[in-house]
Amino acid sequence: MTIWILSFTDRGALTAGEIAAAFPDEDVRTDRFSSLDISLREYADRAFSESDALVFVGACGIAVRAIAPFIRSKMTDPAVLAVDEAAHYVIPILSGHIGGANALARRISSVIGAEAVITTATDIRGAFAVDLFAKKNLLTILDPGGIKEVSSAILAGDMIGLFCELPMEPELPRELLPDEPERMNLVIPDTRRGNPASLRTMIERAEAGGTAKTGMMVLLPKRAVLGVGCRKGASFAEVKAGACQALRLAGTDRRELAAVASLDRKKEENALKRLCAEWGLPFLVYTPEQLRQIPGDFAASEFVRDTAGVGNVCGRASHAGALSFGSAARTLLPKTIIGGAAFAVAEFTRKPIRF
């Protein structure tokens, strides 16, 4: 996780330091507003595209005004929190569930001795939250606008039908009724089986009508990782076009992707970072040593081995990423050169659905 922390006063800087110290294993950046060489608006703009979480140590009003122009979707916006400089309160402002702001607020508050101010209705009531459930289980919500429909139904005391083709843990939340149609229903298809045309029809119908009209929210299981190898300074348009073609060749929808993966030296590659930001995906990077340890047969290039330290980047990276999500990985698309970049797709064996 990449966390940016911005403070405005001397006391706020001390609190920012306490917060940063609580995340030794994360990529944490701390800044003082008076030391910035860019405006607050520019800082927020960059943070929205480059961070997973943005913490303002200062007034909520400052945070709200700074981020307002850049709020797009709860599916892709980073977690945004405000912490008062005296470390009394930690307040999630944006992306409480999918972005992880609520969980981050609880973690920060436990470390600095503050109180987490959680305002999300489902959290307050201890009710089932479909967006948090989807994030935890690597599920893509095809109609994000339907989250409020499902949550409203739950808060009104309605039961939610659950139709799941994947293995599940036995105990379900009290709000879910398996295999019984209700006014609102959650559908989790197994995209690896059945008639693909029938699946596409179901997905298209759900998207066209939306949760409110169809009474059906489709949660598409993420099951694959896209591995990419590209030259330094590759254009975003070229990489994106290649990635889309690679997914078509692999028979995979980009909403079934759990991550994009590559070599560690590509961590700051603008085209890959931008692709992950636009698609709302984590960017996983691995050292040559880590990639060489991945089991399997991968087409190798001596040129790539000499320059990257491993003979195949995209194929091995896709498998490394897949194994970080599941117990096994298999190739859907082997190393394929498209334009000036190399792509591969690996599928992982999913874990059972948890509640």
Side-chain angles (χ1 to χ4, degrees), residues 73-75 96-98 120-123 125-225 247 250-258 279-281 322 325-328 330 332 347-355:
S73 166
K74 64 170 61 185
M75 307 305 294
H97 284 165
I98 295 176
T120 314
T122 50
D123 288 79
R125 296 198 195 179
F128 174 78
V130 66
D131 46 356
L132 194 58
F133 165 74
K135 179 181 179 180
K136 181 171 70 174
N137 286 283
L138 294 175
L139 303 169
T140 297
I141 300 174
L142 294 191
D143 174 26
I147 294 173
K148 67 178 182 294
E149 303 292 341
V150 174
S151 296
S152 295
I154 289 173
L155 294 172
D158 294 347
M159 296 294 292
I160 304 298
L162 174 64
F163 298 86
C164 181
E165 294 183 332
L166 299 180
M168 296 188 297
E169 290 189 345
E171 292 190 13
L172 271 64
R174 62 184 182 275
E175 299 92 343
L176 303 185
L177 192 62
D179 302 319
E180 290 289 341
E182 297 289 334
R183 184 175 69 85
M184 287 292 169
N185 303 276
L186 304 182
V187 179
I188 307 174
D190 184 350
T191 56
R192 296 170 300 172
R193 72 178 195 183
N195 186 335
S198 176
L199 175 64
R200 284 197 299 272
T201 299
M202 180 186 71
I203 292 173
E204 289 169 0
R205 190 169 60 122
E207 290 178 313
T211 305
K213 290 184 179 179
T214 64
M216 179 176 68
M217 173 179 279
V218 176
L219 307 177
L220 197 64
K222 298 183 180 183
R223 63 186 181 99
V225 172
L247 294 179
T252 305
D253 190 297
R254 74 172 177 85
R255 294 166 297 187
E256 294 178 283
L257 285 181
W279 287 1
L281 294 171
F325 293 107
S327 58
R330 74 180 184 94
L332 293 181
E347 180 183 55
F348 54 87
T349 302
R350 286 185 53 94
K351 300 173 183 176
I353 296 294
R354 298 173 54 204
F355 297 94

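For the atom pair Ile141 CD1 and Ile98 CD1, the distance stands at 4.5 Å (nearest 0.5 Å). Atoms CG and OG1, from Leu155 and Thr122 in turn, are 6.5 Å apart once rounded to the nearest 0.5 Å. The line from CG of Leu139 to CD1 of Ile353 is 4.5 Å long, rounded to the nearest 0.5 Å. Leu186 CG to Ile160 CD1: the interatomic distance, rounded to the nearest 0.5 Å, is 6.5 Å. Ile188 contributes atom CD1, which lies 5.5 Å from atom CG of Leu162 (distance to the nearest 0.5 angstrom). The NE2 atom of His97 sits 4.5 Å away from atom OG1 of Thr120, with the distance rounded to the nearest 0.5 Å.
Considering all non-hydrogen atoms of both residues, Phe325 and Lys351 come closest at O-CE, 3.5 Å. The heavy-atom pair separating Ala224 from Thr252 by the smallest distance is CB-CG2, 4.2 Å. Closest approach of Asn137 and Arg350 over heavy atoms only: O-NH2, 2.6 Å. The two residues Ala322 and Phe348 make their nearest non-hydrogen contact at O-CB, 3.3 Å.
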Throw together a table of side-chain donor-acceptor distances under 3.5 angstrom for residues 172-184, partners on residues two or more places apart or in other chains.
residue: Glu175; atom: OE2; partner: Phe128; partner atom: N; Å: 3.2
residue: Arg183; atom: NH2; partner: Asp158; partner atom: OD2; Å: 3.1

Under 3.5 Å, sequence neighbours excluded: what are the donor-acceptor pairs made by side chains of residues 212-223?
residue: Thr214; atom: OG1; partner: Gly210; partner atom: O; Å: 2.8
residue: Thr214; atom: OG1; partner: Met216; partner atom: N; Å: 3.2
residue: Thr214; atom: OG1; partner: Met216; partner atom: O; Å: 3.3
residue: Arg223; atom: NE; partner: Thr191; partner atom: OG1; Å: 3.2
residue: Arg223; atom: NE; partner: Glu256; partner atom: OE2; Å: 2.7
residue: Arg223; atom: NH1; partner: Glu347; partner atom: OE2; Å: 2.4

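Other residues, nucleotides and ligands contribute at most 12 non-hydrogen atoms within 6.0 Å of the CD atom of Glu171.
Within the structure, no pair that satisfies the salt bridge (Lys or Arg N to Asp or Glu O under 4.0 Å) test touches residues 134-156, not counting sequence neighbours.
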Exercise for the section: Could you check Leu247 against Leu257 for side chain to side chain contact (heavy atoms under 4.5 Å, CB included), going step by step and ending with a plain yes or no? Expected result: CA-CA 9 Å; Leu247 294 179; Leu257 285 181; 3.9 Å; yes
